[in-house]
Amino acid sequence: METMRALFFLLTTLTIFMSVSTTTSLSPIQNLLNCFYHYSQSFNSSDIIYGPKNPSFSTILNMKIHNKRFKTATSPKALAIITPKDDSHVQTTIKCAKINNFQLRIRSGGHDYEGFSYLSDVPYVIIDLLHLNSVEVNLQDETTWVEAGATLGKIYYTISKKNNSLAFPSGVCFSLGAGGHFSGGGYGNLMRKFGLSIDNIIDAKIVDVNGNILDRKSMGEDLFWAIRGGGGASFGVILSWKLKLVQVTPQVTVFNVKRNMDEGATDVVYKWQLVAPKLHKDIFIRAQHNVVTISGKKIVQVSFIGQFLGTIERLLPLINESFPELGLKKNDCSSMPWINSTFFWYDIPIGTPLEALLDEPKDPKPIYIKGQSDYVKKPIPKKDIESIWKLMVEGETLSMQWNPYGGRMEEILPSETPFPHRAGNLFLIQYINSWIEESPGAIEHRVNFSRLFHEFMTPYVSNSPREAFLNYRDADVGANHPSNATKIDVARTYGSKYFKENFERLVSVKTKVDPENFFRYEQSIPSRLSKTHI
Ligand SMILES: Cc1cc2nc3c(=O)[nH]c(=O)nc-3n(C[C@H](O)[C@H](O)[C@H](O)COP(=O)(O)OP(=O)(O)OC[C@H]3O[C@@H](n4cnc5c(N)ncnc54)[C@H](O)[C@@H]3O)c2cc1C
Ligand SMILES: *[C@@H]1O[C@H](CO)[C@@H](O)[C@H](O)[C@H]1NC(C)=O
Ligand SMILES: *[C@@H]1O[C@H](CO)[C@@H](O)[C@H](O)[C@H]1NC(C)=O
Ligand SMILES: *[C@@H]1O[C@H](CO)[C@@H](O)[C@H](O)[C@H]1NC(C)=O
Ligand SMILES: *[C@@H]1O[C@H](CO)[C@@H](O)[C@H](O)[C@H]1NC(C)=O
Ligand SMILES: *[C@@H]1O[C@H](CO)[C@@H](O)[C@H](O)[C@H]1NC(C)=O
Ligand SMILES: *[C@@H]1O[C@H](CO)[C@@H](O)[C@H](O)[C@H]1NC(C)=O
């Protein structure tokens, strides 16, 4: 019996060897196709594997490139894009990428600020999960299984169709993908009440380096911990997540109050730092800083964009008591079901049919973006707020989102998930530098400004380490190049900023589940055993 099995094993290995590995003189796409045919009985290559000569290659590629910085003539191109139609295609992709020694780039929504889901500086294939996008709501236990390629818009829409009082705490932009957004943490305006997306995820399915499909039970608590905030792409391809839905009030109240630099905004922003992280959990007020032109003059305008889980009548006295400087009035506020308020946050007119949540961006706005993040632990003095604004005006294109922490965020231990930025933070700053000009050198010039601004912020933000939020991916906090060589000391640089003391546990999980470091990219978690280390 044992001999038979050994013989069978030998024969199979030989067949694989002959049909797969000896084809190196063929083009990479031929190798990939051969390998796919070998492993997958039923599959139609013409709508799953796109080689660069396929007329649909660039359509598929560009569909989820939202940042024009990575859509240039010199941007690296994949050997192929694979768009699985079912889970077995994901399993086959991993096996075939491994055999052919291609790096794998995993893409769900494609919003990665550094393009790590579709770019690499070594030969690579993209696995794009756009077809794996189902959303299934279970009203009995108030849970939802979502596939990695589902967008936040589709998730919000499908949940609300079943019951308007159920929601899920995650981001503002409808086209973010469940695969990347949740594995990096995921937060939005329900954060102070319910925490991050990962704090409300109760199961997941992942394809590991051996091509096996694992759920929470079979992957074990260590891996399940790691993929909720540690970034999925270091550990495998996430197929789906199980979300525990949260209950929201039938009506929520939203407002957007704007204050300009030259009309007392400094005092309001200063006070915001003291109160916004301490307000009742039901209140979330973001301070969005933009450079605007008023009467021909460039100034900073701060929009206090707020949400309250309750009625206008209950909100007004709460704000009047704790944050009178805001001067919030009844007619600044509107009430609506939570699902309609997602339009408000995304700057879509209220009253737009809810089906707009399902729209894929038809022609993703052609803008260039550089994103960064910081954590603030003590209030920034007034005079320094003003010098920060002065520099913003000089740069013209950089905006800042200040997102208050506190509430539920403070109750969760930093070790509970890989995301370590919990108690002790007043707020998270997201810097977004976005521009449209095409002139030569514009990219370098604007990115330089982002770096200068980040440097300027040093005295006001966290240090040792200077923390950063994984979902606001920033290659400047440390990155490996070429992306197939993981240097441990480089990994420690970005790892300590994104994960603080959780980094070592992430490395232990990685070493256990992917010792050879197959799943790697510029900012992946290293394995202690891999020969790909330098
Ligand atoms: C306009 C905009 C608004 C944003 N708003 C918010 C916000 O409100 N809150 C917030 O938290 N973040 C926000 N972000 C950041 C966003 O959460 C991250 O960019 C996130 O990584 C996007 O996920 P994605 O699936 O769209 O991206 P992708 O580019 O597809 O993936 C991002 C990363 O995850 C990996 N990955 C993707 N899918 C999988 C998978 N199935 N398995 C394993 N790994 C995978 C990729 O390889 C890559 O490393 C915003 C970003 C943008 C551009
Ligand atoms: C394969 O897919 C293509 C494109 O979707 C389609 O035109 C063709 O009919 C399919 N072939 C088979 C055998 O299903
Ligand atoms: C919707 O969900 C809320 C919150 O769980 C619940 O109280 C309500 O009964 C549900 N409504 C329907 C119609 O199922
Ligand atoms: C706000 O509070 C002050 C006292 O703290 C009170 O005099 C005033 O009437 C309140 N205004 C509103 C609109 O509630
Ligand atoms: C919320 O959206 C629904 C569906 O489009 C619409 O019927 C309703 O009028 C909207 N409510 C508000 C307050 O905009
Ligand atoms: C950007 O910064 C680098 C390094 O400081 C500098 O050499 C370069 O000239 C700058 N480029 C532009 C366009 O400002
Ligand atoms: C990285 O990829 C390059 C290009 O394919 C190759 O030459 C190099 O050996 C690879 N390095 C590692 C560590 O795998």
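Both counts, for ligands and for their atoms, begin at 1 and track the order of listing. Residues: numbered from 1 along the sequence shown.
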Visitor: Can you list the atoms of ligand 7 that are under 4.0 Å from a heavy atom of V122?
Guide: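 Close to V122: 1 (C), 2 (O).
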Visitor: Just let me know how L354 lines up against ligand 5, side chain, backbone, both or neither, with a heavy-atom cut-off below 4.0 Å.
Guide: both
Visitor: Provide the number and element of each atom of ligand 5 under 4.0 Å from a heavy atom of I350.
Guide: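 With I350 as reference, the close atoms of ligand 5 come out as 14 (O).
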Visitor: With a 6.0 Å cut-off (strictly less than), is the heavy-atom count around NZ of K244, excluding the residue itself, greater than 12?
Guide: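 It does: K244 NZ has more than 12 such atoms within range.
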Visitor: I need the minimum non-hydrogen distance between W345 and Q307, along with the two atoms involved.
Guide: NE1-OE1, 3.5 Å
Visitor: Within 45° of the ring axis of W241 and under 6.0 Å from its six-membered ring centre, is that where the NZ or CZ of K205 lies?
Guide: no
Visitor: Is a side-chain donor-acceptor pair under 3.5 Å present for S335 with T253?
Guide: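 Their side chains do contain a donor-acceptor pair, which is all the 3.5 Å distance test asks for.
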Visitor: Is the closest heavy atom of P482 to ligand 7 under 4.0 Å?
Guide: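 Per 4.0 Å heavy-atom rule, P482 does not contact ligand 7.
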Visitor: Tell me every residue that passes salt bridge (Lys or Arg N to Asp or Glu O under 4.0 Å) with K98, counting only those two or more places apart in sequence or in another chain.
Guide: none
Visitor: Would you check if there is a donor-acceptor pair between the side chains of R520 and S483 at a distance under 3.5 Å?
Guide: no
Visitor: Identify, for atom 11 (N) of ligand 5, the protein heavy atom at the shortest distance, and state residue, atom and that distance.
Guide: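 Checking every protein heavy atom, the shortest distance to atom 11 (N) of ligand 5 gives N340 ND2, 2.8 Å.
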Visitor: Can you confirm whether some protein heavy atom lies under 4.0 Å from atom 2 (O) of ligand 5, or whether none does?
Guide: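 Yes, there is one.
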Visitor: Closer than 4.0 Å to some heavy atom of M336 - which atoms of ligand 5 meet that?
Guide: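 Every atom of ligand 5 under 4.0 Å from some heavy atom of M336: 13 (C).
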Visitor: What are the two closest non-hydrogen atoms of P526 and T511, and how far apart are they?
Guide: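 Closest pair (atom of P526, atom of T511, distance): O-OG1, 4.5 Å.
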Visitor: Check the pair K500, E467 against salt bridge (charged side-chain N to carboxylate O under 4.0 Å, His left out), reporting the backbone distance first and the verdict last.
Guide: CA-CA 8 Å; K500 296 176 79 178; E467 297 171 37; 3.1 Å; yes
Visitor: For ligand 1, would you mind listing the residues that have at least one heavy atom less than 4.0 Å away, ordered by chain and number?
Guide: I106, R107, S108, G109, G110, H111, D112, Y113, S117, L129, A148, G171, V172, C173, L176, G177, G179, G180, H181, G186, Y187, G232, A233, G236, V237, I238, F469, N471, Y472, R473
Visitor: With a 4.5 Å cut-off on side-chain heavy atoms, are S170 and Y156 touching?
Guide: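 Yes, their side chains come closer than 4.5 Å.
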Visitor: Residue-level breakdown please: for Q103 versus ligand 7, do any non-hydrogen atoms fall below 4.0 Å on the side chain, on the backbone, on both, or on neither?
Guide: neither
Visitor: If you take the centroid of each ring, where Trp contributes its six-membered ring, are F308 and F255 closer together than 6.0 Å?
Guide: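 Ring centroids of F255 and F308 are no less than 6.0 Å from each other.
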Visitor: Does some non-hydrogen atom of the protein lie less than 4.0 angstrom from atom 5 (O) of ligand 5?
Guide: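 It does; a protein heavy atom is within 4.0 Å.
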Visitor: Please confirm whether F469 and F419 have ring centers closer than 6.0 angstrom.
Guide: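 That pair passes the under 6.0 Å test.
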Visitor: Please list, in number order, the atoms of ligand 7 under 4.0 Å from a heavy atom of R520.
Guide: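 Near R520, the atoms of ligand 7 are 14 (O).
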